[in-house]
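Quick note on labels: first sequence line is chain A, next is B, and so on, each numbered from 1. Remember, predicted model here, so these are calculated numbers, not experimental data.
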Number of protein chains: 2
Amino acid sequence: MANSPSGDSVTDRLVRILETFTPTRTAQTTADIGRRAGLPSSSAHRIVNELVDAGLLERDDERRVRVGMRLWELATRSSHALRLRQAALPYMERVQQRVREHTQLAILEHDEALFLERLSAPDSGANITRVAGRLPVHASSSGLVLLAFAPHDLQERVLAGPLPRVTPETIVDPTALRRTLAEVRTLGRVIAPGYVDEVSTGVAVPVRDETGAVIAALSVVLPRDAETQFALVELHRAARDTERALGYRR
Amino acid sequence: MANSPSGDSVTDRLVRILETFTPTRTAQTTADIGRRAGLPSSSAHRIVNELVDAGLLERDDERRVRVGMRLWELATRSSHALRLRQAALPYMERVQQRVREHTQLAILEHDEALFLERLSAPDSGANITRVAGRLPVHASSSGLVLLAFAPHDLQERVLAGPLPRVTPETIVDPTALRRTLAEVRTLGRVIAPGYVDEVSTGVAVPVRDETGAVIAALSVVLPRDAETQFALVELHRAARDTERALGYRR
C-alpha cells in the first residue's frame, strides 16, 4: 500500500489504530485514537472516517468510535479460531457443567497464551482471563502446556527471560521452569497453584492434531486449594473428544 | 488513506480482500484473492504481503493465505459482540442443556440477522446458521423478532421487497409478513415452522435494553413438528437473565 511521508505503510497505521482498542477501552474519540496510535490528527480523522464508512469501525450516539460488528464478522467467519472453538465448545460445556468452574481454550500466539473461549457459570470464582485476551506462557496453566510442547527455539527464548513475577508463586527461575516443562511433557498436564492469580489454581491439558503436535490447551480455573483430579479427568476427556471432532482421532 | 489510480481507497481494497474469505473459503492463493477482490495482481501481492507482515492475514505451509489470529483478536477483544455474547452465554448454555437443541444469539446488522453465537449438542438436529453467519430477516425466527422491533423505515424497506422464497413456507407476501410482525410485537415471540429450512422450526424471543429497545434475539432450532412451548419458556427466562447480566433489569 502507499506509504506516508514517515515511511510507515497504511497497513501499519491501520494496525496501530486497531491496537488502541482494548477490552477496557472499547470507545474512544478520534482525537484519542490518533494520539494513542501516534498519528497526525488529519491522518487519524481521514483513516477513521474511511474505516467507519466501510463498517470496520462504528460511531456511537456520542460520536465516540468503537470496533464495528462488520470487522468482527469478517475476522471471525473464516477464522481458524472459530473452527477450533466450535469443535471444542460442546466438550467445554460438559467440563463446565460437571466441574462448575471457568473452562477455557487457548492457543500459542506470538509467545503468549491467547484465549479463544471462556465459559463461566454465574457462580464461578475469580478469573483474570478474557476471550481474545492473553496471558504470559510461563505464568498461566494454559501457557505452561503450550510452552512445554512448543518448538525448541521458542522455549529457549522464553527461558532466556525476562520471566516477570505475576504473583509470589510465579515460576521466575529458568531452571525451575525448565524442570516444570519437562514434567508437563511427561505427565501431559499442568497444575499451577497461584502462579497467575493468588486465589486460584489453574489446571490445563494439551489438545493435539493428527501428528501429535499440540495445537491448543484446555484449562479450568479452580479455587486455590480445590482438589484438581476430577477437573483433570474431565479436561482429558474433553481434549480427546475435541481431537475426534476435528478429525484428528478415530 | 491514499487512493489508487482507480479512485478506491486502501480501506476499500482492504475490505474487498477480507470479504473474499468466507466460512467455506478459509484459505486462498494470493492470485485468487486478487481475482475475487477485483484487484490488479501487483496490488494484491503488495497488500497481502503487508497484511501478512502485520499478522492480520497468515500464510500456511502450502503458501495459501488465511485470516490471521491477530485480526480475530483485535476485532474481538473490544467488540460489542463479545460483551453481549459473554452476558448471554451462561443462560444460552442453560437453554441448550434443558431443550437439547441448537441455541443462538443474533443481532440486526445491515438489514440481516447476524449470528453472534450458536451452541449445539453433538446430537442436535439440522441447522443452517453459523457463528458470524447471516440469515434474511423475513425468513429466520431470529430475523423476524429483530425486524418486528426494528425502526419503522427499516421495516418498510424490507416489506417493499424483494422477499426471496427460501423454502415453500417462507413468508413472501408483504401483507402476510406485516401481520406476522404485528403478532410478534403483541406476543413477544415468533414460531417459524419451515420458513428457512423445511425440516426445522425456529422459535425466537427478544432481548431488550433498559429503554425497552430490542438489541438481540435468542432462538432455538427444533425439529419441524416438535412442541415449542417449553423452548419458548426457557428462551424468555434466558432473555430476562441476559438483560439482568447486562445491567438492564434488576
Side-chain angles (χ1 to χ4, degrees), chain A residues 1-4 9-15 18-19 21-26 43 46-47 50-51 53-56 58 66-83 86 89-90 93 96-97 107 109-110 114 116 118-122 130-134 241 245, chain B residues 1-4 9-15 18-19 21-26 43 46-47 50-51 53-56 58 66-83 86 89-90 93 96-97 107 109-110 114 116 118-122 130-134 241 245:
Chain A
M1 294 193 200
N3 283 9
S4 72
S9 74
V10 177
T11 304
D12 291 334
R13 288 188 276 165
L14 173 70
V15 170
L18 292 180
E19 282 176 339
F21 292 90
T22 69
T24 53
R25 192 197 295 143
T26 60
S43 301
R46 192 175 61 248
I47 302 175
E50 283 187 17
L51 292 170
D53 287 345
L56 302 191
E58 291 173 354
R66 298 171 178 274
V67 168
M69 208 54 89
R70 180 83 181 129
L71 181 61
W72 175 83
E73 180 185 6
L74 289 173
T76 301
R77 68 180 187 180
S78 63
S79 116
H80 169 63
L82 181 63
R83 177 164 174 261
Q86 286 298 93
L89 196 56
E93 285 179 50
Q96 207 269 320
Q97 284 166 38
I107 61 164
E109 170 72 7
H110 288 132
L114 172 64
L116 300 187
R118 166 186 146 175
L119 300 183
S120 307
R130 294 169 184 271
V131 174
R134 290 169 177 249
D241 285 334
Chain B
M1 293 193 200
N3 283 7
S4 72
S9 74
V10 177
T11 304
D12 290 334
R13 289 187 275 165
L14 172 70
V15 170
L18 292 179
E19 283 176 339
F21 292 91
T22 68
T24 53
R25 192 198 294 143
T26 60
S43 302
R46 193 175 61 250
I47 302 175
E50 283 188 16
L51 292 169
D53 287 345
L56 302 192
E58 291 173 355
R66 298 171 178 273
V67 168
M69 209 53 90
R70 181 84 181 129
L71 181 61
W72 175 82
E73 180 185 6
L74 290 173
T76 302
R77 69 179 187 182
S78 64
S79 119
H80 169 62
L82 181 64
R83 177 165 174 260
Q86 286 299 94
L89 197 56
E93 285 180 50
Q96 208 270 318
Q97 283 166 39
I107 61 164
E109 171 72 7
H110 288 131
L114 173 65
L116 300 188
R118 166 187 146 174
L119 301 182
S120 307
R130 293 169 184 272
V131 174
R134 291 168 176 248
D241 285 335

Under 3.5 Å: donor-acceptor pair, side chain of Arg66(A), backbone of Ser78(B): no

What distance separates Asp53(B) CG from Thr11(A) OG1, expressed to the nearest 0.5 Å? 9.0 Å

Hits for side chain to side chain donor-acceptor pair (under 3.5 Å) against Arg70(B), two or more places apart or cross-chain, chain-then-number order -> Glu19(A), Glu73(B)

Can you say whether Ile107(A) sits under 4.5 Å from chain B via the side chain, the backbone, both, or neither, judging by heavy atoms? side chain

So which heavy atom on Val67(A) is nearest to which on Leu74(B), and how close? CG2-O, 4.3 Å

Answer key: most heavy-atom pairs under 4.5 Å with chain B among Arg130(A), Gln86(A), Gln97(A), His80(A) is Gln97(A)

Looking at Leu114(B), Leu56(B), Leu82(B), which makes the most heavy-atom pairs under 4.5 Å with chain A? Leu114(B)

Most heavy-atom pairs under 4.5 Å with chain B, out of Ala132(A), Ala245(A), Ser79(A), belong to Ala132(A)

Most chain A-contacting option - heavy-atom pairs closer than 4.5 Å, from Val15(B), Leu89(B), Asp241(B), Thr76(B): Thr76(B)

Testing the basics here: between Leu116(B) and Met69(A), what is the closest heavy-atom pair and its distance to 0.1 Å? CD2-SD, 4.2 Å

Listed by chain and number, what are the side chain to side chain contact (heavy atoms under 4.5 Å, CB included) partners of Ala75(A), not counting sequence neighbours? Leu71(B), Ala75(B)

Is it the backbone or the side chain of Leu18(B) that comes under 4.5 Å from a heavy atom of chain A, or both, or neither? both

